[in-house]
Amino acid sequence: MHVSGSDDLDIAVLLPCYNEAATIGHVVRSFRQALPDARIYVYDNNSTDGTALHAMLAGATVFRERRQGKGHVVRRMFSDIEADVYIMADGDGTYAPEDAEELVRTLITERADMVVGIRRGVHQDAGRNGHAFGNRLFNRLYRFLFGQDFTDILSGYRAFSRRYVKSFPAVSGGFEIETEMSVHASRLKLPVCELELDYGRRPEGSHSKLSTFRDGAKILWMFAMLMKETRPFAFFGTFSAALMTASVVFMTPVLYAYFQTGLVERMPTWVFSLALMMMSLLFLTAGTILDSVASSRAEQLRIHYMTLTGYSKPAQKRNVRNKSVPAPFDKSHAA
């Protein structure tokens, strides 16, 4: 299959895997058929069921990441692999490799830095009711906190430009890595697209590694940490508002009695309300200062992103390659 405009593009397919021996061979072969010119990498995350062997037999290049967790694997993949376009999918067979061509085409034609494959029907049937509820909750929470850029932030089927991959810090360690990817794009206002795709079921013998409550708690914690790092004024301002409200509640009856009698009859309550007010002002001050720091960091990240080269048009890429290899020195042309 041919992707228009990608003749000279170097495409890498990245497959993070943990105990996916039942499916990884079929997934690798399907990606090889869908994108014949792409390089396929499988990163084995301490599997114990022969995942690495099945991937190698199917024709993939296999590496190992010993730190357990998808976030650690993604960080290693993004730092190790050089390409123009990156396709990331899971090795469990729930994403159709045939859709990779459309992801690449959308990335190129829209000149985007990330294309997210929205999982069609995942909110109605995600294998477990808890997973479906979590998907709805986290997507709505994301749109409330970080903007309307994405409708399925937990999708693991994505296409990236080189600029995105090499500017993404990847600090999380587990399944919350997808949330961090989305926030990175929203924070730097990168061009992104979404593409609705079918979402399959795991075949017999393949089991999900997700834990509804444990991984859900990690994602919520990541929301809080990313909120603190990217929107500190809103984060600390929320605590400031809560403390100020509590201070006013405790302070009001004391002030009412004071204006009626001229006496402060409940001194401990008055002191406690003042302490709450001081804490509220401290949180507000911290949020204001850190908001300036966060803005400066975002500007630096954006500048770094702008220095990176994305995928190039074939003619441009050929010119770059020609310039990168100096021609032999010809004495007849010497001045």
Open item on the list: For a side-chain contact (heavy atoms from CB on, under 4.5 Å) check, start with the C-alpha distance between L103 and L107, then their side-chain angles and the critical distance, and finish with the verdict.
Closed with: CA-CA 6 Å; L103 285 172; L107 189 79; over 6 Å; no

Open item on the list: Do R266 and P253 make a side-chain contact, defined as non-hydrogen atoms from C-beta onward lying under 4.5 Å apart?
Closed with: yes

Open item on the list: As an exercise, state the distance from CG of N45 to CD of Q68, rounded to the nearest 0.5 Å.
Closed with: 4.0 Å

- [ ] Indicate yes or no for a side-chain donor-acceptor contact from N46 to the backbone of Y18 under 3.5 Å, with no hydrogens or angles considered.
- [x] no

Open item on the list: If you compare all heavy atoms of A83 against all heavy atoms of A12, which two are closest, and at what distance to 0.1 Å?
Closed with: CB-CB, 3.8 Å

TODO: Apply the salt bridge (Lys or Arg N to Asp or Glu O under 4.0 Å) test between E65 and each candidate in R75, R76, K70; give the one that qualifies.
DONE: R76

Open item on the list: Using the rule given for side-chain contact (heavy atoms from CB on, under 4.5 Å), can you reason through I11 versus D37, listing the C-alpha separation, both sets of side-chain angles and the distance that settles it, and then say yes or no?
Closed with: CA-CA 7 Å; I11 301 175; D37 297 326; over 6 Å; no

- [ ] Kindly indicate whether the side chain of F223, heavy atoms from C-beta on, has any atom under 4.5 Å from the side chain of I153.
- [x] yes

- [ ] Could you tell me whether the side chain of R297 reaches within less than 4.5 Å of the side chain of T230, counting heavy atoms only?
- [x] no

Open item on the list: Grouping I, L, V, M, F, W and Y whenever their side-chain heavy atoms are under 4.5 Å apart, do I219 and L145 come out in a common cluster?
Closed with: yes

Open item on the list: Do M227 and V183 make a side-chain contact, defined as non-hydrogen atoms from C-beta onward lying under 4.5 Å apart?
Closed with: no

Task: OG1 on T288 to CG on L281, rounded to 0.5 Å - done: 10.5 Å

- [ ] Kindly say whether S273 contributes a backbone atom to a donor-acceptor pair with the side chain of S247 at under 3.5 angstrom?
- [x] yes

- [ ] Answer yes or no: is there a side-chain heavy-atom contact under 4.5 Å between P232 and K228?
- [x] no

Task: Sub-6.0 Å ring centroid separation between Y157 and Y95 - done: yes

TODO: Grab the two heavy atoms, one from G91 and one from T23, that are nearest each other, plus how far apart they are.
DONE: O-OG1, 2.5 Å

- [ ] Would you check if there is a donor-acceptor pair between the side chains of E194 and T151 at a distance under 3.5 Å?
- [x] yes

- [ ] Give, for atom CD of E180 and atom CE of M225, the distance between the pair rounded to the nearest 0.5 Å.
- [x] 12.5 Å

- [ ] Would you check if the side chain of T238 reaches a backbone N or O of A234 as a donor-acceptor pair within less than 3.5 Å?
- [x] yes

TODO: State yes or no: do F144 and F236 share one hydrophobic cluster built from I, L, V, M, F, W and Y residues joined by side-chain heavy-atom distances below 4.5 Å, directly or via other members?
DONE: yes

Open item on the list: Between F150 and F146, is the ring centroid distance below 6.0 Å?
Closed with: no

Open item on the list: Using side-chain heavy atoms (C-beta onward) and a distance below 4.5 Å, is F233 in contact with F235?
Closed with: no

Open item on the list: Check this for me: R67, atom CZ, are more than 12 non-hydrogen atoms of other residues, nucleotides or ligands nearer than 6.0 Å?
Closed with: no

Open item on the list: Distance alone, cut at 3.5 Å: any donor-acceptor contact between the side chains of S280 and S240?
Closed with: yes

Task: Criterion side-chain contact (heavy atoms from CB on, under 4.5 Å) on F138 and T179, from CA distance to verdict - done: CA-CA 9 Å; F138 294 135; T179 303; over 6 Å; no

Task: 4.5 Å side-chain heavy-atom contact, R158 and S182 - done: yes

Open item on the list: In this structure, would M279 and V254 fall into the same cluster of hydrophobic residues linked by side-chain contacts under 4.5 Å?
Closed with: no

Task: Test item: side-chain donor near acceptor, S47 and D44, under 3.5 Å - done: yes

Task: salt bridge (Lys or Arg N to Asp or Glu O under 4.0 Å) partner of R119, the single match among D152, D198, D90 - done: D152

TODO: Please report the closest heavy-atom contact between T51 and D49, naming both atoms and the distance.
DONE: OG1-OD1, 2.7 Å

Open item on the list: Under 4.5 Å between side-chain heavy atoms, counting indirect links through other Ile/Leu/Val/Met/Phe/Trp/Tyr residues: same cluster for L255 and V249 or not?
Closed with: no

TODO: Evaluate side-chain contact (heavy atoms from CB on, under 4.5 Å) for M181 paired with V74, printing each intermediate quantity in order.
DONE: CA-CA 10 Å; M181 289 177 179; V74 170; 3.6 Å; yes

Task: D291 side chain vs G287 backbone, donor-acceptor pair below 3.5 Å - done: no

- [ ] Can you measure from OG (S167) to CZ (R163) and round to the nearest 0.5 angstrom?
- [x] 8.5 Å

Open item on the list: With a 4.5 Å cut-off on side-chain heavy atoms, are V85 and F160 touching?
Closed with: no

Open item on the list: Let me confirm one number: the OG-CZ distance from S295 to R187, rounded to the nearest 0.5 Å.
Closed with: 9.0 Å

Task: In one Ile/Leu/Val/Met/Phe/Trp/Tyr side-chain cluster, 4.5 Å: Y142, I118 - done: no

Open item on the list: Counting only heavy atoms not in R302 (residues, nucleotides, ligands), do more than 12 fall under 6.0 Å from its CZ?
Closed with: yes

Task: Where A38 and R32 come nearest, the two heavy atoms and their spacing - done: O-NH1, 2.7 Å

Task: Minimum heavy-atom distance V42-A60, with the two atoms named - done: CG2-CB, 3.7 Å

- [ ] Establish, from distance only, whether the side-chain atoms of D113 and Y305 form a donor-acceptor pair under 3.5 Å.
- [x] yes

Task: Shortest non-hydrogen contact between M88 and P16, atoms and distance - done: CG-CD, 4.3 Å

Open item on the list: If you take the centroid of each ring, where Trp contributes its six-membered ring, are F168 and Y164 closer together than 6.0 Å?
Closed with: yes

- [ ] Examine the side chains of D149 and S186 and answer whether a donor and an acceptor come within less than 3.5 Å of each other.
- [x] yes

Task: NZ/NE/NH1/NH2 to OD/OE distance under 4.0 Å, E82 and R162 - done: yes

Open item on the list: Nearest 0.5 Å, please: how far is CG in L301 from NE2 in H304?
Closed with: 8.0 Å

